[in-house]
Amino acid sequence: MAESTILIKDAKLVFTGETKSVLIKDEIIAEIDDVISEENVDKVIDAKGMILSPGFVNTHTHLSMSLFRGLADDYDLDSWLNDYIWPIEANLNENYCYIGALLAAVELIKSGTTTFSDMYFYMEDVARAIDEAGIRGVLSYGMIDFADAEKRENEFRENISLYENCNGMSDGKIKVFFGPHSPYTASKELLERVRQEANKYNTGIHIHVGETQKEVDDLVESTGMRPFEYLESLGLLGPDVVAAHAVWLSDNEIDIIKKYDVKISHNPCSNMKLASGISPVAKLLENGICVSLGTDGASSNNNLDLLEEMKFASLLQKVDTLNPLVLPACEVLKMATINGAKALGLEDEIGSIEVGKKADLILLDTNSVNMTPDSSDLCSNVVYSANGSNVDTTICNGKILMENKKLTTLDEEEIYKKARIAIKELKEMN
Ligand SMILES: [Zn+2]
């Protein structure tokens, strides 16, 4: 097959502010230079005045929950899950999860996210949706056994068959992790076996940990241990674990996270909306811990815009520590790009603009009111001024998924229509 080439001409690189051209050959960044010849290039993108950033990496979400946007607002996690989310989730099926994932994929592409890590049900249908969309995803099946041995067997069958059917699909853009939901919904036996299976399949683990004070209190009462102490005692922790939330942490737990090089997915909007608490992110970063960013599902956020998440992450730490110097713009942008790549074990492939890496790149339009005038620090423009609507072009694995704000792989109007019908039907079943 002939090589396909794209030249991004004269873009401003977000971290350095330099104006450069970038040549993409097939899925790879082949060259970065002041001037690159247009000769024999299949496609030229004139990026004059635009900011070029690595595509964003959202390390914790539940794509199909986009159908539940605005369904249950202004509740705490316990009541949100028990009274609203779990009852409607009981009616989900393959088709609803597929439509929800397509809806989420539209939002991810439009707001510059090229990689996400998902945990949910009907994940093979999520894989089908994101294969059509063309984005990169790490999928895990949300394993919940509530200490029931038969249910536990079923959960392993689901996650293992997801691995066998989908790991490596979509030209390698889809990977599969194990997804034990949390220490309060997965039994000790499930968590112990997850480590064995993750080792056997040589893959990672995605889990919610320490999200609410109630979770910590309940676990201390039943085991005498806090969540990360408990997971350490079960042998689950390691550098291949992505722990979402990590809001309620003791100093000992921070030491444990550091010792095992556990990766954190910080979800500030969800934590604020459910009033779960404030993760001590500044302290985690001070300890050299890899903190990435996630939106959580659109039903507790209520969108998947990582640009918004970056701003909230920075502002929340500043007000929590009463120190405006913590989480400066460039550090937050790294959390949303290279740290996300590290969290998912993909740092050799994505997360930065470097020759030899996969071309997961976005262009932000600066010719709009909230981006005028440019700051001398482009990270500041991206983190504090931009929002998803400033993303002009999204490229994943060398393929253009959006250009001039128009999607190339998905029919968004058709997807909105299907999503509206899906949630109407789901509500009628309840
Ligand atoms: Zn979650």
Side-chain angles (χ1 to χ4, degrees), residues 13-16 51-61 63 104 107-118 135-138 206 242-246 263-272 279 281-282 284-285 289-298 301 303-318 326-347 349-354 357-364 371 375 377-396 401:
L13 303 188
V14 68
F15 284 110
T16 64
I51 298 173
L52 183 69
S53 167
F56 304 135
V57 181
N58 181 344
T59 54
H60 179 69
T61 187
L63 293 195
E107 191 174 9
L108 293 174
I109 295 169
K110 291 187 91 162
S111 53
T113 293
T114 48
T115 299
F116 67 94
S117 174
D118 197 57
I135 46 178
R136 198 180 296 284
V138 174
H206 182 187
V242 181
H245 300 299
K263 310 302 192 294
I264 301 300
S265 176
H266 174 46
N267 296 207
C269 289
S270 173
N271 297 157
M272 284 191 272
S279 173
V281 169
L284 293 170
L285 290 167
I289 291 163
C290 176
V291 184
S292 60
L293 286 180
T295 55
D296 214 350
N301 187 303
N303 64 44
L304 306 178
D305 185 347
L306 263 195
L307 283 153
E308 212 174 77
E309 209 70 34
M310 280 191 264
K311 181 169 178 170
F312 274 112
S314 176
L315 302 192
L316 181 59
Q317 290 304 305
K318 290 181 199 305
V326 299
L327 264 70
C330 277
E331 188 163 13
V332 185
L333 188 58
K334 282 181 186 157
M335 289 166 68
T337 54
I338 191 67
N339 285 12
K342 281 180 191 160
L344 303 177
L346 297 172
E347 69 270 32
E349 291 182 50
I350 59 162
S352 56
I353 307 172
E354 282 178 73
K357 279 202 171 180
K358 299 276 168 70
D360 285 15
L361 301 168
I362 62 167
L363 287 166
L364 290 107
M371 301 292 270
S375 148
D377 169 6
L378 297 178
C379 293
S380 155
N381 274 72
V382 171
V383 172
Y384 299 131
S385 313
N387 59 55
S389 71
N390 295 115
V391 178
D392 177 89
T393 299
T394 301
I395 298 172
C396 182
L401 307 184

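We use all heavy atoms of the structure for the numbers below, so side chains are in, but hydrogens, waters and symmetry mates are not. Predicted model only: the values in this text are computed from it and were never measured. Positions are given from 1 along the sequence.
- Between Asn303 and Glu308 the shortest side-chain heavy-atom distance falls below 4.5 Å.
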Leu378 and Leu364: CA distance, side-chain angles, deciding distance, side-chain contact (heavy atoms from CB on, under 4.5 Å) verdict = CA-CA 11 Å; Leu378 297 178; Leu364 290 107; over 6 Å; no

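- For the pair Ile135 and Leu401, the minimum side-chain heavy-atom distance is below 4.5 Å.
- One N or O on the side chain of Asn58 and one on the backbone of Thr295 form a donor-acceptor pair closer than 3.5 Å.
- Taking each heavy atom of Asp305 and Asn387 in turn, the nearest pair found is OD2-C, 4.0 Å.
- Side-chain N or O atoms of Asp296 include none that pairs as donor or acceptor with a backbone N or O of Ser270 at under 3.5 Å.
- With values rounded to the nearest 0.5 angstrom, Ser53 atom OG is found 8.5 Å from Leu361 atom CG.
- Legend: residues meeting salt bridge (Lys or Arg N to Asp or Glu O under 4.0 Å) with Glu107, ordered by chain and number and at least two apart, are Arg69.
- Among all heavy-atom pairs drawn from Cys379 and Asp377, the shortest one is N-OD1, 2.9 Å.
- For the atom pair CD1 (Ile362) and OG1 (Thr113), the distance works out to 7.5 Å, reported to the nearest 0.5 Å.
- For Lys110, the salt bridge (Lys or Arg N to Asp or Glu O under 4.0 Å) partners two or more places apart in sequence, or in a different chain, are Glu412.
- Using a 4.5 Å heavy-atom threshold, the side chains of Phe15 and Ile353 count as separate.
- At a threshold of 4.5 Å between non-hydrogen side-chain atoms, the residues Ser279 and Leu284 count as touching.
- Annotation for Asn301 and Cys269: closest pair ND2-CB, 3.6 Å, computed over non-hydrogen atoms.
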For residues 326-347, which side-chain N or O atoms pair as donor and acceptor with protein atoms under 3.5 Å away, sequence neighbours left out?
| unit_1 | atom_1 | unit_2 | atom_2 | d |
| --- | --- | --- | --- | --- |
| Thr337 | OG1 | Leu333 | O | 2.8 |
| Asn339 | ND2 | Val291 | O | 2.9 |

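- No side-chain heavy atom of Leu316 sits less than 4.5 Å from a side-chain heavy atom of Val281.
- Across all non-hydrogen atoms, the minimal contact from Thr59 to Ser292 is OG1-OG, 2.8 Å.
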Pair Val242-His60, side-chain contact (heavy atoms from CB on, under 4.5 Å): steps then yes or no | CA-CA 9 Å; Val242 181; His60 179 69; over 6 Å; no

Could you go step by step and tell me if Lys357 and Ser352 meet the side chain to side chain donor-acceptor pair (under 3.5 Å) rule?
-> CA-CA 8 Å; Lys357 279 202 171 180; Ser352 56; 2.7 Å; yes

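- Formation of a donor-acceptor pair under 3.5 Å by the Thr114 side chain with backbone atoms of Cys396 is not found in this model.
- With Ser117 contributing its side chain and Gly137 its backbone, the two residues share no donor-acceptor pair below 3.5 Å.
- Looking at every heavy atom in both residues, Ser314 comes nearest to Tyr384 through OG-OH, 3.2 Å.
- Checking side-chain atoms of Asp118 against main-chain N and O of Phe116 turns up no donor-acceptor pair under 3.5 Å.
- For the atom pair CG of Asp392 and CD1 of Ile51, the computed distance is 11.5 Å after rounding to the nearest 0.5 Å.
- Side-chain atoms of Glu309 and Pro268, non-hydrogen and from C-beta on, do get closer than 4.5 Å to each other.
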Residue pair Ile350, Arg136: steps toward the side-chain contact (heavy atoms from CB on, under 4.5 Å) verdict | CA-CA 10 Å; Ile350 59 162; Arg136 198 180 296 284; 3.6 Å; yes

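- Side-chain contact between Asp360 and Thr115: present, with at least one pair of heavy atoms (C-beta onward) separated by less than 4.5 Å.
- From Leu306, atom CG reaches atom NZ of Lys311 across 15.0 Å, with rounding to the nearest 0.5 Å.
- Shortest non-hydrogen contact noted between Asn381 and Met371 is ND2-O, 3.6 Å.
- Here the CD1 atom belonging to Ile264 is positioned 11.5 Å from the NE2 atom belonging to His245, to the nearest 0.5 angstrom.
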